[in-house]
Protein chains: 2
Amino acid sequence: MNQTSPISIDFQSLKERLSSHGLKVTSQRLIIYQCLLMSDDHPSAEIIFEKIRVDHPSISIGTVYKTMETLVEAGLAKKVKTADDLLRFDAKTGHHNHIYCSNTDQIMDFDDPELQSILEDYFSKREFKNFLVTDFQLLVNGEILDKGKRIKLKQSK
Amino acid sequence: MNQTSPISIDFQSLKERLSSHGLKVTSQRLIIYQCLLMSDDHPSAEIIFEKIRVDHPSISIGTVYKTMETLVEAGLAKKVKTADDLLRFDAKTGHHNHIYCSNTDQIMDFDDPELQSILEDYFSKREFKNFLVTDFQLLVNGEILDKGKRIKLKQSK
DNA sequence: CTTGCTGCAAAAGGTTTGCAGCTCC
DNA sequence: GGAGCTGCAAACCTTTTGCAGCAAG
């Protein structure tokens with residue numbers, strides 16, 4: 001878990017990825033998408049906005065929301081949600097599970113081929129009456145024991 | 001899945017359950033808790049409010065929110081969240097998984113002892129460095145094939 | 001040129017909060 | 001009688017929307 005993304009994040013490949021998904025290439029989309037790809041912490045729209053704003057003060061929060069929605073629709077990002085709150089995003093669109101720490105509010109990727117095959121095996125055998133399974137995801141909740149490394153990102157609640 | 005709750009829902013037992021959890025017994029809490037227990041569809045605060053309002057027009061939405069929060073804190077209810085949106089509630093506090101239909105916005109309980117033991121087995125063997133697993137939950141996404149039975153509850157989106 | 005994206009500001013939910021009065025214990 | 005609930009309304013925050021102007025293809 002927490003490995004770096006295998007996707008190259010130079011603007012040229014991002015441009016190609018956007019246009020191959022039928023999206024117009026704009027500087028805002030490139031920056032937002034790049035920011036998401038460089039984040040391994042499943043940022044919210046607000047967090048992406050704050051990060052980008054440092055270098056691109058004219059960006060607007062509405063654009064971030066719209067772009068995230070567009071990326072999700074295009075299949076270039078996924079929505080993630082925890083037992084607590086807030087919508088957050090993930091550039092890894094392949095199947096994987098998540099670990100959520102309720103103390104620090106961190107979401108970490110949790111990729112384990114063994115678990116994956118256990119679950120796929122189970123679902124291939126299991127029949128659902130009148131229900132088509134499109135996707136499944138395991139969310140592991142718990143607490144990071146390694147204290148003091150991070151502070152809670154959330155604005156209280 | 002979709003079995004009726006094993007919890008008795010007469011006011012006397014509800015009173016006892018509330019006070020044994022250190023909560024004052026009020027008519028609003030009894031009604032709200034009873035409504036949640038009788039629901040197998042993981043209602044939102046808004047839905048509970050609408051259901052209750054029919055017979056108890058003086059109830060306020062703020063009370064419903066506060067009471068739900070209180071019940072969750074007391075361990076008498078759980079929060080549930082889907083890949084889409086909205087916070088919803090579940091009176092079943094024991095470990096179980098959920099099935100979510102993105103077409104109708106229904107959340108169904110998904111209790112399978114076989115799956116449960118597979119997962120417990122996996123987690124007992126799996127070690128997490130610096131992470132204490134308190135809970136895990138599988139969310140199955142998909143579509144109900146049995147069309148026409150229900151309409152989407154959600155107010156668009 | 002035309003489509004569709006951006007920025008702005010206003011609006012729209014859903015949820016929380018402050019407070020006075022009332023209830024339960 | 002006092003702690004702690006309730007109802008009401010206002011506030012809050014995140015997200016969405018409408019629209020005029022602008023940029024990409």
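Chain letters run A, B, ... following the sequence lines, proteins first, then strands; residues in each count from 1.
Taking 4.0 Å as the cut-off between side-chain N and carboxylate O, B:R88 and B:E46 do not count as a salt-bridged pair. Ion pairing of A:R126 with B:D112 is present here, as a side-chain N (NZ or NE/NH1/NH2) and a carboxylate O approach within less than 4.0 Å. Remark: B:R53 engages B:E50 in a salt bridge, criterion side-chain N to carboxylate O under 4.0 Å.
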With 3.5 Å as the limit, what N/O pairs link the protein to nucleotides 18-23 of chain D?
residue : atom : partner : partner atom : Å
D:dG18  : O6   : A:K66   : NZ           : 3.2

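A side-chain donor-acceptor contact under 3.5 Å links A:S60 and A:T63. In this model, no donor atom of one side chain and acceptor atom of the other lie less than 3.5 Å apart for A:D111 and A:H96. In summary, the side chains of B:K24 and B:S19 do not present any donor paired with an acceptor at a separation below 3.5 Å, with no hydrogens or angles considered.
Put simply, the side chain of B:H42 gets close to the backbone of B:I107: a donor and an acceptor are under 3.5 Å apart. Side-chain N or O atoms of A:T134 include one that pairs as donor or acceptor with a backbone N or O of B:N141 at under 3.5 Å. In this structure, B:H95 contributes its side chain and B:F136 its backbone to a donor-acceptor pair below 3.5 Å.
At whole-Å resolution of the value, CZ in A:R29 and P in C:dG7 are 11 Å apart. Here the P atom of nucleotide C:dT6 and the CG atom of A:L71 are 10 Å apart, to the nearest Å. Taking atom NZ on A:K79 and atom P on D:dT14, their separation rounds to 16 Å, with Å as the unit. When the C1' atom of D:dC13 is taken as reference, atom CD of A:E46 falls 9 Å away, rounded to whole Å. When rounded to the nearest whole Å, the span between CZ of A:R53 and C1' of C:dC8 equals 14 Å. Rounded to an integer number of Å, the gap from CD1 of B:I31 to C1' of D:dG7 is 14 Å. Summarising the geometry, the separation between CG on B:L18 and P on C:dT23 is reported as 19 Å, rounded to the nearest angstrom. Rounded to whole Å, atom P of C:dG4 lies 18 Å from atom CD of A:E69.
Counting heavy atoms from C-beta on, the side chains of A:F49 and A:Y65 never come closer than 4.5 Å.
Remark on the helix from C:dC1-D:dG25 to C:dC25-D:dG1: inter-end axis angle 40°, axes from five-pair C1' superpositions, rounded to 10°.
Listed pair B:Q28 / C:dT23 fails the phosphate criterion, with no side-chain N or O lying under 4.0 Å from OP1 or OP2. The side chain of A:Y65 contributes no N or O atom lying less than 4.0 Å from OP1 or OP2 of D:dT16.
Taken residue by residue, residues 54-64 of chain B places heavy atoms nearer than 4.0 Å to DNA chain D at B:S58, B:I59, B:S60, B:T63.
Considering CG of B:D109 and NE2 of B:H98, their distance stands at 4.5 Å, rounded to 0.5 Å.
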